[in-house]
> 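Provided herewith is a single structure, encoded as C-alpha coordinates, for subsequent inquiry.
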Protein chains: 2
Amino acid sequence: MRTPRIPILKLHNCLLVSIQWELDDQTALQFQEDLLHKIHETGASGVVIDLTSVDVIDSFIAKVLGDVIGMSKLMGAKVVLTGIQPAVAITLIELGIHLADVQTALDLEKGLETLQQELGE
Amino acid sequence: MRTPRIPILKLHNCLLVSIQWELDDQTALQFQEDLLHKIHETGASGVVIDLTSVDVIDSFIAKVLGDVIGMSKLMGAKVVLTGIQPAVAITLIELGIHLADVQTALDLEKGLETLQQELGE
(Lines give C-alpha, C1' and ligand atoms only; values in the text may rest on other atoms or scores of the structure.)
Protein backbone atom coordinates (compact mmCIF):
# COMPACT_ATOMS: atom_id res chain seq x y z
CA MET A 1 0.00 0.00 0.00
CA ARG A 2 1.19 3.50 -0.82
CA THR A 3 2.17 5.89 1.93
CA PRO A 4 -0.87 8.01 2.74
CA ARG A 5 -0.15 11.65 1.94
CA ILE A 6 -1.32 14.79 3.63
CA PRO A 7 -3.19 17.12 1.27
CA ILE A 8 -1.84 20.65 1.02
CA LEU A 9 -4.43 23.28 0.09
CA LYS A 10 -3.57 26.53 -1.63
CA LEU A 11 -5.63 29.57 -0.70
CA HIS A 12 -4.51 32.86 -2.22
CA ASN A 13 -0.81 33.16 -1.35
CA CYS A 14 -0.93 30.70 1.53
CA LEU A 15 -0.78 26.96 1.90
CA LEU A 16 -3.01 25.22 4.44
CA VAL A 17 -2.22 21.90 5.98
CA SER A 18 -4.31 20.17 8.59
CA ILE A 19 -2.80 17.17 10.31
CA GLN A 20 -5.73 15.31 11.75
CA TRP A 21 -4.36 11.91 12.52
CA GLU A 22 -1.22 10.61 14.12
CA LEU A 23 1.55 10.57 11.54
CA ASP A 24 3.80 7.61 10.99
CA ASP A 25 7.42 8.30 10.11
CA GLN A 26 7.05 7.63 6.40
CA THR A 27 4.03 9.92 6.04
CA ALA A 28 5.84 12.67 7.93
CA LEU A 29 8.84 12.52 5.61
CA GLN A 30 6.57 12.43 2.58
CA PHE A 31 4.77 15.49 3.96
CA GLN A 32 8.08 17.33 4.38
CA GLU A 33 8.97 16.68 0.76
CA ASP A 34 5.48 17.49 -0.54
CA LEU A 35 5.27 20.78 1.36
CA LEU A 36 8.63 22.03 0.12
CA HIS A 37 7.73 21.09 -3.46
CA LYS A 38 4.39 22.84 -3.13
CA ILE A 39 6.04 26.01 -1.80
CA HIS A 40 8.39 25.96 -4.77
CA GLU A 41 5.63 25.18 -7.27
CA THR A 42 3.08 27.75 -6.06
CA GLY A 43 5.42 30.47 -4.82
CA ALA A 44 3.35 30.61 -1.63
CA SER A 45 4.59 33.11 0.91
CA GLY A 46 2.93 31.61 3.96
CA VAL A 47 2.04 28.23 5.40
CA VAL A 48 -0.45 27.38 8.15
CA ILE A 49 0.04 23.97 9.74
CA ASP A 50 -2.93 23.08 11.91
CA LEU A 51 -2.35 20.50 14.64
CA THR A 52 -5.75 20.83 16.37
CA SER A 53 -6.52 17.14 16.10
CA VAL A 54 -3.06 15.89 17.06
CA ASP A 55 -3.13 14.56 20.64
CA VAL A 56 0.38 13.25 20.91
CA ILE A 57 3.60 13.65 19.01
CA ASP A 58 6.73 11.52 19.18
CA SER A 59 10.32 12.69 18.97
CA PHE A 60 10.75 11.79 15.31
CA ILE A 61 7.63 13.63 14.18
CA ALA A 62 8.58 16.61 16.38
CA LYS A 63 11.97 16.74 14.69
CA VAL A 64 10.47 16.49 11.20
CA LEU A 65 8.08 19.30 12.10
CA GLY A 66 10.89 21.50 13.42
CA ASP A 67 12.92 20.75 10.30
CA VAL A 68 10.13 21.49 7.83
CA ILE A 69 9.52 24.86 9.49
CA GLY A 70 13.20 25.75 9.15
CA MET A 71 13.27 24.56 5.55
CA SER A 72 10.13 26.52 4.62
CA LYS A 73 11.71 29.65 6.06
CA LEU A 74 14.84 29.10 4.00
CA MET A 75 12.59 28.94 0.97
CA GLY A 76 10.98 32.25 1.92
CA ALA A 77 7.66 31.09 3.36
CA LYS A 78 6.49 32.13 6.81
CA VAL A 79 5.02 29.33 8.90
CA VAL A 80 2.29 29.62 11.51
CA LEU A 81 1.47 26.63 13.70
CA THR A 82 -2.08 26.44 15.00
CA GLY A 83 -4.04 24.41 17.50
CA ILE A 84 -1.13 22.98 19.47
CA GLN A 85 -2.58 20.87 22.29
CA PRO A 86 -1.07 20.79 25.80
CA ALA A 87 0.56 17.36 25.42
CA VAL A 88 2.11 18.38 22.11
CA ALA A 89 3.46 21.63 23.58
CA ILE A 90 4.96 19.67 26.48
CA THR A 91 6.61 17.16 24.16
CA LEU A 92 8.05 19.86 21.91
CA ILE A 93 9.63 21.76 24.79
CA GLU A 94 10.87 18.63 26.56
CA LEU A 95 12.55 17.49 23.36
CA GLY A 96 14.30 20.85 23.12
CA ILE A 97 12.36 21.88 20.03
CA HIS A 98 11.55 25.41 21.10
CA LEU A 99 10.30 26.77 17.80
CA ALA A 100 11.18 30.10 19.36
CA ASP A 101 10.67 32.22 16.29
CA VAL A 102 7.62 30.43 14.97
CA GLN A 103 4.29 32.20 15.09
CA THR A 104 1.48 30.25 16.67
CA ALA A 105 -2.24 30.82 16.85
CA LEU A 106 -5.28 29.22 18.43
CA ASP A 107 -6.95 27.87 15.31
CA LEU A 108 -6.84 27.85 11.55
CA GLU A 109 -8.83 31.08 11.14
CA LYS A 110 -6.60 32.99 13.54
CA GLY A 111 -3.50 31.46 11.97
CA LEU A 112 -4.54 32.69 8.55
CA GLU A 113 -5.29 36.15 9.95
CA THR A 114 -1.88 36.32 11.63
CA LEU A 115 -0.21 35.30 8.41
CA GLN A 116 -2.14 37.77 6.25
CA GLN A 117 -1.21 40.57 8.67
CA GLU A 118 2.47 39.60 8.65
CA LEU A 119 2.56 39.30 4.89
CA GLY A 120 0.64 42.53 4.46
CA GLU A 121 3.19 44.52 6.41
CA MET B 1 -2.60 -0.54 8.25
CA ARG B 2 -5.40 1.93 8.99
CA THR B 3 -7.46 3.40 6.20
CA PRO B 4 -5.89 6.73 5.28
CA ARG B 5 -8.35 9.54 5.96
CA ILE B 6 -8.91 12.78 4.16
CA PRO B 7 -8.46 15.81 6.42
CA ILE B 8 -11.41 18.20 6.57
CA LEU B 9 -10.50 21.81 7.38
CA LYS B 10 -12.88 24.24 9.00
CA LEU B 11 -12.60 27.87 7.94
CA HIS B 12 -15.24 30.22 9.34
CA ASN B 13 -18.58 28.60 8.52
CA CYS B 14 -17.22 26.42 5.73
CA LEU B 15 -15.48 23.08 5.50
CA LEU B 16 -12.67 22.63 2.98
CA VAL B 17 -11.66 19.31 1.57
CA SER B 18 -8.98 18.77 -1.01
CA ILE B 19 -8.77 15.34 -2.61
CA GLN B 20 -5.29 15.15 -4.02
CA TRP B 21 -4.75 11.48 -4.68
CA GLU B 22 -6.81 8.74 -6.20
CA LEU B 23 -9.21 7.41 -3.57
CA ASP B 24 -9.68 3.75 -2.89
CA ASP B 25 -13.16 2.55 -2.02
CA GLN B 26 -12.53 2.30 1.70
CA THR B 27 -11.07 5.80 1.95
CA ALA B 28 -14.00 7.22 -0.02
CA LEU B 29 -16.54 5.65 2.35
CA GLN B 30 -14.56 6.82 5.36
CA PHE B 31 -14.53 10.33 3.86
CA GLN B 32 -18.31 10.25 3.41
CA GLU B 33 -18.77 9.35 7.06
CA ASP B 34 -16.16 11.86 8.30
CA LEU B 35 -17.63 14.73 6.29
CA LEU B 36 -21.18 14.17 7.53
CA HIS B 37 -19.94 13.93 11.12
CA LYS B 38 -17.93 17.11 10.70
CA ILE B 39 -20.95 18.99 9.29
CA HIS B 40 -22.96 17.86 12.28
CA GLU B 41 -20.21 18.66 14.78
CA THR B 42 -19.28 22.11 13.45
CA GLY B 43 -22.66 23.23 12.14
CA ALA B 44 -20.92 24.30 8.93
CA SER B 45 -23.24 25.76 6.32
CA GLY B 46 -21.01 25.19 3.31
CA VAL B 47 -18.53 22.65 1.97
CA VAL B 48 -15.94 23.08 -0.77
CA ILE B 49 -14.63 19.83 -2.24
CA ASP B 50 -11.59 20.47 -4.40
CA LEU B 51 -10.79 17.87 -7.04
CA THR B 52 -8.00 19.79 -8.82
CA SER B 53 -5.48 17.00 -8.44
CA VAL B 54 -7.84 14.16 -9.32
CA ASP B 55 -7.11 12.91 -12.86
CA VAL B 56 -9.49 10.00 -13.05
CA ILE B 57 -12.48 8.81 -11.12
CA ASP B 58 -14.13 5.39 -11.20
CA SER B 59 -17.82 4.60 -11.00
CA PHE B 60 -17.75 3.73 -7.30
CA ILE B 61 -15.99 6.93 -6.27
CA ALA B 62 -18.29 8.96 -8.55
CA LYS B 63 -21.31 7.42 -6.82
CA VAL B 64 -19.91 8.09 -3.35
CA LEU B 65 -19.24 11.69 -4.36
CA GLY B 66 -22.76 12.14 -5.73
CA ASP B 67 -24.17 10.57 -2.55
CA VAL B 68 -22.15 12.69 -0.15
CA ILE B 69 -23.29 15.86 -1.92
CA GLY B 70 -26.92 14.80 -1.57
CA MET B 71 -26.42 13.85 2.07
CA SER B 72 -24.70 17.15 2.90
CA LYS B 73 -27.63 19.02 1.37
CA LEU B 74 -30.06 17.05 3.49
CA MET B 75 -28.06 18.15 6.50
CA GLY B 76 -28.32 21.78 5.42
CA ALA B 77 -24.86 22.38 3.98
CA LYS B 78 -24.33 23.76 0.48
CA VAL B 79 -21.64 21.99 -1.52
CA VAL B 80 -19.40 23.54 -4.16
CA LEU B 81 -17.17 21.28 -6.27
CA THR B 82 -14.01 22.85 -7.60
CA GLY B 83 -11.28 21.99 -10.06
CA ILE B 84 -13.06 19.23 -11.95
CA GLN B 85 -10.74 18.02 -14.72
CA PRO B 86 -12.00 17.09 -18.21
CA ALA B 87 -11.66 13.32 -17.70
CA VAL B 88 -13.54 13.54 -14.41
CA ALA B 89 -16.33 15.63 -15.97
CA ILE B 90 -16.64 13.07 -18.79
CA THR B 91 -16.81 10.16 -16.35
CA LEU B 92 -19.42 11.85 -14.18
CA ILE B 93 -21.72 12.60 -17.12
CA GLU B 94 -21.22 9.21 -18.75
CA LEU B 95 -22.14 7.50 -15.50
CA GLY B 96 -25.31 9.55 -15.36
CA ILE B 97 -24.19 11.50 -12.32
CA HIS B 98 -25.25 14.91 -13.51
CA LEU B 99 -24.85 16.84 -10.27
CA ALA B 100 -27.28 19.21 -11.93
CA ASP B 101 -27.93 21.42 -8.95
CA VAL B 102 -24.40 21.44 -7.59
CA GLN B 103 -22.41 24.64 -7.81
CA THR B 104 -18.98 24.30 -9.36
CA ALA B 105 -16.04 26.65 -9.60
CA LEU B 106 -12.60 26.74 -11.15
CA ASP B 107 -10.50 26.52 -8.03
CA LEU B 108 -10.61 26.57 -4.26
CA GLU B 109 -10.50 30.39 -3.98
CA LYS B 110 -13.38 30.84 -6.42
CA GLY B 111 -15.30 28.02 -4.75
CA LEU B 112 -15.05 29.72 -1.38
CA GLU B 113 -16.12 33.04 -2.91
CA THR B 114 -19.13 31.40 -4.56
CA LEU B 115 -20.10 29.81 -1.28
CA GLN B 116 -19.68 32.99 0.75
CA GLN B 117 -21.86 34.85 -1.75
CA GLU B 118 -24.57 32.18 -1.65
CA LEU B 119 -24.54 32.01 2.11
CA GLY B 120 -24.50 35.78 2.38
CA GLU B 121 -27.73 36.09 0.43
> Within this structure, what is the CG-CD1 distance for the pair A:Leu74 and A:Ile69, rounded to the nearest 0.5 Å?
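One finds 12.5 Å between CG of A:Leu74 and CD1 of A:Ile69.
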
> Which one of A:Leu108, A:Thr52, A:Asp107 has the most heavy-atom pairs closer than 4.5 Å to chain B?
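Option with the greatest count: A:Leu108.
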
> If you measure from CZ on B:Arg5 to CG on B:Asp34, what distance do you get to the nearest 0.5 Å?
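Output value for this atom pair is 4.0 Å.
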
> Which heavy atom in B:Gln20 sits nearest to a heavy atom in A:Pro7, and how many Å separate them?
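Here B:Gln20 and A:Pro7 meet closest at OE1-CA, 3.3 Å.
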
> Name the member of B:Leu9, B:Asp50, B:Val17 that forms the most heavy-atom pairs with chain A at distances under 4.5 Å.
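Top option by heavy-atom pairs under 4.5 Å: B:Leu9.
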
> So what's closer than 4.5 Å to chain B heavy atoms on A:Ile19: side chain, backbone, both or neither?
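When you check distances to chain B, no heavy atom of A:Ile19 falls under 4.5 Å.
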
> Rounded at 0.5 Å granularity, tell me how far OG1 in A:Thr27 sits from CH2 in A:Trp21.
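Taking OG1 in A:Thr27 and CH2 in A:Trp21, the distance rounds to 12.5 Å.
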
